[in-house]
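Worksheet: one structure, shown below.
Residue numbers begin at 1 in each chain, while the letters A, B, ... track the order of the sequences.
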Amino acid sequence: MPELPEVETVRRGLREWAVGRRLSGVDVHHPRAVRRHAAGPEDFAAALVGRTFTEVRRRGKYLWLPLDSGDAMIGHLGMSGQFRVLPEEAPDGPHLRVRFRFAEGPQLRFLDQRTFGGLAVSRGGADLPAEIAHIAPDPFEPGFDADRCVAALRRRRTEVKRALLDQTVVSGVGNIYADEALWRAGLHGARPADALTGPAAHRLLGHVVDVLGEAIAQGGTSFDALYVDVNGESGYFDRALHVYGREGAPCDRCGASIRRESFMNRSSFSCPRCQPRPRGRG
DNA sequence: GGACGGACCTGTTTGC
DNA sequence: TGCAAACAGGTCCGTC
């Protein structure tokens with residue numbers, strides 16, 4: 001379940017292993033992996049072969065790798081996507097979607113069990129691909145404006161958790177870190193976003209930044225083999241989670257039993273005492 | 001144009 | 001034991 005911290009961990013690995021290497025071959029094993037590349041798998045491969053990755057950049061959960069052609073390869077991990085650095089002789093495995101071969105050295109492989117992830121080449125997209133431009137800056141970008149983000153959050157006439165997950169409000173937040181930030185803020189996710197005071201919205205955003213930053217420092221969160229870095233290793237932040245996946249466990253703050261509720265066809269975890277439901281709902 | 005529900009997808013877990 | 005349903009959830013798209 002890669003959110004911003006997991007994607008940042010992958011970005012750092014790719015920066016080490018992919019930048020400066022010239023592609024000698026690209027094999028698309030599953031067309032769904034490049035479904036966002038409208039011109040098709042052959043065009044995707046042709047735009048990459050002979051080119052060199054010059055950088056690895058990220059906005060929210062999106063990665064893009066600028067090429068020496070001025071184009072960029074965009075990547076999104078979806079729910080289960082992985083970039084792995086593996087020797088040529090390593091077996092393909094059942095989830096291999098795209099293989100990148102270089103003039104020398106190990107291969108880069110894009111694996112994806114649930115196929116929600118995808119790759120594309122953005123023409124002229126080295127600086128900021130047009131396909132990503134609609135996403136709001138994430139809190140770790142130099143251009144991030146907290147006041148603007150808070151204003152966007154408070155304009156949403158919907159529940160605050162849904163607003164946090166809206167990548168046009170703030171990018172990089174997914175189900176896990178939204179729950180954790182709401183727990184830290186003592187807010188139930190069903191609270192109306194447009195009813196938050198300015199200071200309360202700023203505090204919530206501060207918790208979002210804190211929890212994301214702490215998770216980056218731990219190499220991300222991992223519950224199983226679905227999320228690993230380019231070397232196949234897991235992060236450690238799952239040990240620091242306070243509510244996500246802890247149904248029935250005592251709240252680390254007050255001892256009440258953590259509850260699980262269905263929300264947006266997903267699970268939401270919260271403390272019934274620290275995060276009371278808003279009155280008049282549910 | 002914003003809000004919101006459903007679709008997409010597959011390996012694992014749970015229930016009968 | 002075996003089958004079916006439920007579940008995980010980020011993003012896109014259609015509808016209202």
All N/O pairs under 3.5 Å across the protein-nucleotides 13-16 of chain C interface:
none

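- Under the side chain to side chain contact (heavy atoms under 4.5 Å, CB included) criterion, A201(A) pairs with V150(A), L153(A), R154(A), L196(A), sequence neighbours left out.
- Between the side chain of S122(A) and the main chain of P129(A), no donor-acceptor pair closer than 3.5 Å is present.
- Checking the phosphate oxygens (OP1, OP2) of dG2(B), no side-chain nitrogen or oxygen of R156(A) falls inside 4.0 Å.
- Side chain of R11(A) to backbone of E6(A): no donor-acceptor contact under 3.5 angstrom is found.
- With rounding to whole Å, N175(A) atom CG is found 14 Å from dC7(C) atom P.
- Listed by chain and number, the residues in a salt bridge (Lys or Arg N to Asp or Glu O under 4.0 Å) with D127(A) are R57(A) (sequence neighbours excluded).
- If you measure from atom CD of Q167(A) to atom C1' of dT11(C), you get 9 Å, rounded to the nearest angstrom.
- Within the 4.0 Å cut-off from OP1 or OP2 of dC4(B), at least one side-chain nitrogen or oxygen of T158(A) is found.
- I74(A) has its CD1 atom 11 Å from the P atom of dC12(C), to the nearest Å.
- With sequence neighbours left out, the salt bridge (Lys or Arg N to Asp or Glu O under 4.0 Å) criterion links K61(A) to no other residue.
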Under 3.5 Å, sequence neighbours excluded: what are the donor-acceptor pairs made by side chains of residues 67-79 of chain A?
unit_1 : atom_1 : unit_2  : atom_2 : d
D68(A) : OD1    : T52(A)  : N      : 3.2
S69(A) : OG     : D71(A)  : N      : 3.2
D71(A) : OD1    : G124(A) : N      : 2.8
D71(A) : OD2    : R123(A) : NH1    : 3.1
H76(A) : ND1    : G78(A)  : N      : 2.8

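- Taking atom NZ of residue K61(A) and atom P of nucleotide dC12(C), one finds them 11 Å apart after rounding to whole Å.
- Of the side-chain N and O atoms in H76(A), none sit less than 4.0 angstrom from OP1 or OP2 of dG10(C).
- In this structure, D179(A) places its CG atom 10 Å from P of dG10(C), rounding to the nearest Å.
- Look at CD on E261(A): it is 13 Å from P on dA8(C), rounded to the nearest Å.
- In this structure, I132(A) atom CD1 and dG10(C) atom P are separated by 17 Å, rounded to whole Å.
- Distance E3(A) CD to dA8(C) C1': 13 Å, rounded to the nearest Å.
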Side-chain donor/acceptor pairs under 3.5 Å, residues 164-176 of chain A, sequence neighbours excluded:
unit_1  : atom_1 : unit_2  : atom_2 : d
D166(A) : OD1    : T168(A) : N      : 2.9
D166(A) : OD1    : T168(A) : OG1    : 2.7
D166(A) : OD2    : R156(A) : NE     : 3.1
D166(A) : OD2    : R156(A) : NH2    : 3.2
Q167(A) : OE1    : G172(A) : N      : 2.9
Q167(A) : NE2    : L165(A) : O      : 3.1
Q167(A) : NE2    : V173(A) : O      : 3.1
T168(A) : OG1    : R156(A) : NH2    : 3.1
S171(A) : OG     : A136(A) : O      : 2.7
S171(A) : OG     : D138(A) : N      : 3.3
N175(A) : OD1    : K161(A) : NZ     : 2.6
N175(A) : ND2    : S267(A) : O      : 2.9

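- The stretch residues 77-101 of chain A participates, sequence neighbours left out, in these ring-ring contact (aromatic ring centres under 6.0 Å, His included) pairs: F83(A)-F110(A).
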**Item:** Protein proximity profile, nucleotides 5-12 of chain B - base contact B, sugar-phosphate-only contact S, no contact -, cut-off 4.0 Å on heavy atoms
**Value:** B--BBBS-
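- Sorted by first then second residue, the ring-ring contact (aromatic ring centres under 6.0 Å, His included) pairs that include residues 179-207 of chain A, not counting sequence neighbours, are W183(A)-H242(A).
- Legend: residues meeting salt bridge (Lys or Arg N to Asp or Glu O under 4.0 Å) with R84(A), ordered by chain and number and at least two apart, are absent.
- Residue pairs meeting the ring-ring contact (aromatic ring centres under 6.0 Å, His included) criterion with at least one member in residues 15-37 of chain A, sequence neighbours excluded, are H37(A)-F44(A).
- Fit an axis to the five pairs at each end of the helix from dG2(B)-dC16(C) to dC16(B)-dG2(C) and the two axes sit 50° apart, to the nearest 10 degrees.
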